[in-house]
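Structure record follows, encoded as structure tokens.
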Amino acid sequence: MPVDVQSLAKRRGFIWQSAEIYGAMAGFYDYGAMGARLKRKWEDAWLKYFMGLNDNYHLIDTTNILPYAALKASGHVDGFTDPLVECSKCGHAFRADQLIEDVTNEPAEDLTLTDIDEKVKELDLKCQRCKGTFLEARTFNMMFPVPIGTTGKDTAFLRPETAQGAYLNFKRHFEIMRRKLPLGLTIIGKAYRNEIAPRQGVYRMRELIQAELQIFMDPDTFSESLNLEEMKGKMLNVQLVDMRGEGNFKPISCDELIQKYKFPDFYVYHMMKIQEFYLDIIKLPAEKFRFFEKSEKERAFYNRVHFDIEADLHTLGGFKEIAGLHYRGDYDLTKHQEGSGEKMEVSIDGKRLIPHVLELSFGVDRNVWTLLDIHLTEERTGVLKLPAVLAPYTFAIFPLMRKDNLIPVARDIHQKLRVDYDVYYDQSGSIGKRYARMDEIGTPFCITVDYDGLEDGTVTIRDTDTSEQKRVKLADIEDIARALATGRKTFADLE
RNA sequence: GCAGAUGUGAUCUAGUUGGUUAGGAUUAAAGCCUUCCAAGCUUUCUGCCCGGGUUCGAAUCCCGGCGUCUGCACCA
């Protein structure tokens, strides 16, 4: 029986559509009891790893609503839009640039609204449905507008990316953190995009969670703060633009990417760190992970170097973007300097500069989905083989049977471990059924109190990945739990 | 957003030339049994996406909405 990720995600409490009792809205999702735990664990692992790269990287939290002026300056008010023309008769709206391109066969992407109105007249364009005439062109912005106050005159938007919060706060944090570069600002939070056609589950959402690290740095000296030696001999799974169509990726050494392909060494260093995160912490199989270079056309114009980080997901039919590494130059701070009139220039050792930004941007929902997609196997009745640090529950405690002499011992272990760890207690149904439940939600270790153990003071620990069991001393259980939960020991290390 | 397909308990599904109390499997809960991998037995809970229409009668036909899937378009 094949294991369906989607229905397991619902049935076992991971993730499903928001407001489903009212028929749901496309592009909005809720996390349930297991999903919220899994998401939190992913975020914790992500924070621990990437904040650990430098002492001067800090977690901040900024508003979901941003003023018009900030998003005007960032380019989102103008750039995050599509021009539309609406039929005066049937009210149907069309993409104006496409209507024009269809007739002229010339790119119409950069036309202003006035240009479009002229072109529509000139080419005598009519509604494709009812042949009605078009009203004046207007823009459809992908940002959700938010009216503020009683008059709603102060317009604002839900943020389309968390990154802006870091840029807006850069200057103050530079001061607070004693004027040092690199300075990293991390935000984990919601972003909102009014997608025209959200589809493919959590892959394209209207309300999404981002985990982003914005590193403000001097490109001339940034590398000095990094241990570039770590890149020695390291290979990265890379698909360069000119390698398209030649398989999924090619392992290329960090050295070659820097020397031959001329990517900045600090950029390649962070590629290496990201790969390490996915392979070592998230435990993605190497063949399901790659960096996918975006061509000049595909990437935003302000990105000087842009690779997507992709995972091979069978539920979505192949390699899909789950994160991005963007070298944005000084575009963002320069824009906010122009927009706000606040100086973004800083002075370090007599050198004045507007810091450049290296952005590490992760889609949290996509990453949580990736965990389910990659780690859910069809073994037995479906086993979610999560690393211990990511599992919603780390331990489950069972009495072998619902019997008076077994229950108090199991309860006692539960009480002890739940203080420090996420522990699931279960005594209903057969032992096999209880193991199967834990298999499905990815609890890596099940501790069972049995009759033999009552006599010699032991319990069994079962490894979910293999369903193998080992017998350990009850007196050692807290030490063993600590080692397993932190990942300092694996099941194989147990005697 | 366009076109086509589609929507039945928590999950998966049977049932639609309109006709009795919409059937099954799994899950879940309670109990019995059980000395380790969804065993068995008994009992129990939950359903025709929403709103109109046609009809003596609608899960079934029609219209609209919402959701989902596929293709196209979109993805700063």
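In what follows, chains are A, B, ... by sequence order, proteins preceding strands, each numbered from 1. Keep in mind it's a predicted model, so treat the numbers as computed, not measured. Values below: every heavy atom of this structure, side chains too, minus hydrogens, waters and symmetry copies.
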Which donor-acceptor pairs under 3.5 Å do side chains of residues 406-418 of chain A form with protein atoms, sequence neighbours excluded?
from: A:D412; atom 1: OD2; to: A:K416; atom 2: NZ; distance (Å): 3.4

Set out, line by line, the N/O atom pairs under 3.5 Å between protein and nucleotides 31-34 of chain B.
from: B:G31; atom 1: OP2; to: A:R402; atom 2: NH1; distance (Å): 3.0

Item to check | Contacting residues from residues 184-211 of chain A, given that a heavy atom lies under 4.0 angstrom of RNA chain B | outcome: A:R193, A:I196, A:A197, A:R199, A:Q200, A:G201, A:R204

Checklist outcome for this item: Ordered by number, residues from residues 5-15 of chain A within less than 4.0 Å of RNA chain B (heavy atoms) are A:S7, A:K10, A:R11, A:R12

Expected rows: protein N/O vs nucleotides 62-66 of chain B N/O, under 3.5 Å:
from: B:C66; atom 1: O2'; to: A:G23; atom 2: O; distance (Å): 3.1
from: B:C66; atom 1: O2'; to: A:A24; atom 2: O; distance (Å): 3.2

Next on the checklist: My understanding is that only residues two or more places apart in sequence, or in another chain, count here; which of them pass ring-ring contact (aromatic ring centres under 6.0 Å, His included) with A:F291?
Outcome noted: A:F289

Checklist outcome for this item: The correct set of residues in residues 314-324 of chain A placing a heavy atom under 4.0 Å from RNA chain B is none

Checklist entry - Which sits closer to the 5' end of RNA chain B, A:Y451 or A:E161, going by the nucleotide each is nearest to? => result A:Y451

Next on the checklist: Show me the pairs that pass side chain to side chain donor-acceptor pair (under 3.5 Å) and involve residues 5-18 of chain A, at least two apart or across chains.
Outcome noted: A:D4-A:S7, A:R11-A:E440, A:R12-A:E440

Checklist entry - By ring-ring contact (aromatic ring centres under 6.0 Å, His included), which residues pair with A:F263, not counting sequence neighbours? => result A:F307

Checklist outcome for this item: Residues in residues 439-448 of chain A with a heavy atom under 4.0 Å of RNA chain B, by number, are A:E440, A:T448

Checklist entry - A:Y278: what forms a side-chain hydrogen bond (donor to acceptor under 3.5 Å, both in side chains) with it, not counting sequence neighbours? => result A:N367

Next on the checklist: Within residues 456-475 of chain A, which residues have any heavy atom lying less than 4.0 Å from an atom of RNA chain B?
Outcome noted: A:T460, A:R462, A:S467, A:Q469

Checklist outcome for this item: When A:G27 and A:G75 are each assigned the nearest nucleotide of RNA chain B, the 5'-most assignment goes to A:G27

